[in-house]
Structures are given as structure tokens and as C-alpha cells.
Amino acid sequence: MVIKVHGVAQSTCTQRVLTALIEKNVPYELVKIDFMTGEHKSEAFLKMQPFGKVPALEEDGVFIFESRAIAKYIARKFAGQGTKLMPADDDLIGYALFEQGCSLENAYFDKPASSIAYEKMFKKFRGLGGPDEALVKKYSDDLDGILAVYDGILAKQAYLAGDKVSLADLFHLPYGNVVKQTGGAELFAKHPNVDRWFTALENRESWVKIGQLQN
Ligand SMILES: N[C@@H](CCC(=O)N[C@@H](CS)C(=O)NCC(=O)O)C(=O)O
């Protein structure tokens, strides 16, 4: 049975999963969830994702939620095809560095980047008014400090887990892209190694295809 992704193409967390599937050349069906009618809070959806958030992956009657966990599952299940997105099982140091890179995104990058995205874009979609500029400034300053550290790491290696791209890098794409699109491009451009790294990620075929899904 083809893998089903229950989600929304415009949702950053759905995009995280779709990027992994595309990098791995895995066929999938996107089952669109209607945010406007609150379908993601319906009884049927809560059986797949008990927090009422997208995405959820369905495969042979099994449901998995949390976009990063889903992406890691895909990377591992389809290890033999497409882009290698995580180290091989017996590469322990590679695994540690990979998880370290993934943790950077979750522990440091996600909070300020997703908060800027919420203020600048998602608040409006929910009819909650315009951005709180004081919060945008606070989270932009936080993100700037974090990207300064990333710049030092990326001065020594091409990607966060070493010299090859991995999920640790790709996980940054959805929120990083929204930050850039909503006035935060300078935050990336001012850190040359971050700029080089993130531009290379945005130019990947997988991310270009994600952009085409929005249209
Ligand atoms: N940690 C979850 C977060 C999921 C999440 O926040 N999804 C958002 C879209 S990107 C959502 O469904 N928002 C709707 C809501 O919270 O009501 C994941 O990575 O899958």
C-alpha cells in the first residue's frame, strides 16, 4: 500500500516529511486535511494524531506522528535508495554526530524560527491579527545568536552532521524558508557559512518540488 501523508502542503511540518520522501524517491499520497473546517481536531483525525496536528503518516494500517520521527523512519526504511539521509546502523560516531545535528534544530533553531513564522505568517491565517513586532525582534535576535554559532560549525564542515547532507540539515528548511520569505533573509545572509549552507538546501530538487506543491 502506498504511504499516505495526512497533512497540508502549506504546513511546515508536512513539508518536513514530504522532503524526506522526495529525497528518497518514495511514492506517496498526500491526503489533504482541511484546517478551515477543523478536520485536524475531528475524532477521526485524533485517532491518527492525538494532539490534533499535521502530519500523520499511514502505512499498512500503522499510524506514525511527529514529523521528525516520520522522516527518520523513512530515511531508515528506504536506506538503500535516493539520498542517504542518515548514517548506516554500524557507524556509531556518525550516528552521534547526526543526532547532535538533529538536536541543534530542535533545541535551538526551531523555537525562534517557528515563533517568527507564527508572528509573521500563521497568525494572520488564523485571523489573529498582525505580528507583534517586539516579539519578532526578540526572536530575530535569538535566531541571530544561534546562527552565529551555526556559522562557526559550518566554517569547518559543509553540513551540520559532517561533510554530507542529512536530515539534520533538511529539518531546518520549512521554518528557515518562512523566516527568509517574511523579512528575515538578512539573518541568514549576514552569516556567510550559514548563507552558503541554507542556499544549497533551498536549491535541492526536493525543496524546489515542495515549492511547486504550493501552487
Ligand atoms: N511536533 C509536531 C508539530 C506539528 C504541528 O505543529 N503542526 C502544525 C502545522 S506545521 C499544525 O497542525 N497546526 C495546527 C494546530 O496546531 O491546530 C511535528 O513535528 O509533527
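Order of appearance sets the numbers: ligands from 1, and atoms from 1 within every ligand. When reading the values below, keep in mind they use all heavy atoms of this one structure, side chains included, and skip hydrogens, waters and symmetry mates.
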Is the distance between the ring centroids of F45 and H40 under 6.0 Å? no
For E105 and Y175, does a side-chain donor sit closer than 3.5 Å to a side-chain acceptor? no
Looking at residues at least two apart in the chain, or sitting in another chain, which of them share a salt bridge (Lys or Arg N to Asp or Glu O under 4.0 Å) with E29? none
side-chain hydrogen bond (donor to acceptor under 3.5 Å, both in side chains) pairs, two or more places apart, involving residues 152-164: none
Please confirm whether the ring centroid of Y150 lies under 6.0 Å from the ring centroid of H172. yes
Tabulation required: pairs of a nitrogen or oxygen in ligand 1 and a protein nitrogen or oxygen under 3.5 Å; columns are atom names and distance to 0.1 Å; otherwise 'none'.
from	atom 1	to	atom 2	distance (Å)
ligand 1	1 (N)	E66	OE1	2.7
ligand 1	1 (N)	E66	OE2	3.3
ligand 1	7 (N)	V54	O	2.9
ligand 1	12 (O)	V54	N	2.9
ligand 1	16 (O)	K53	NZ	2.6
ligand 1	17 (O)	H40	NE2	3.3
ligand 1	17 (O)	K41	NZ	3.0
ligand 1	19 (O)	S67	N	3.3
ligand 1	19 (O)	S67	OG	2.6
ligand 1	20 (O)	S67	N	2.9

With H191 via ring pair (Phe, Tyr, Trp, His ring centres under 6.0 Å) - residues at least two apart: none
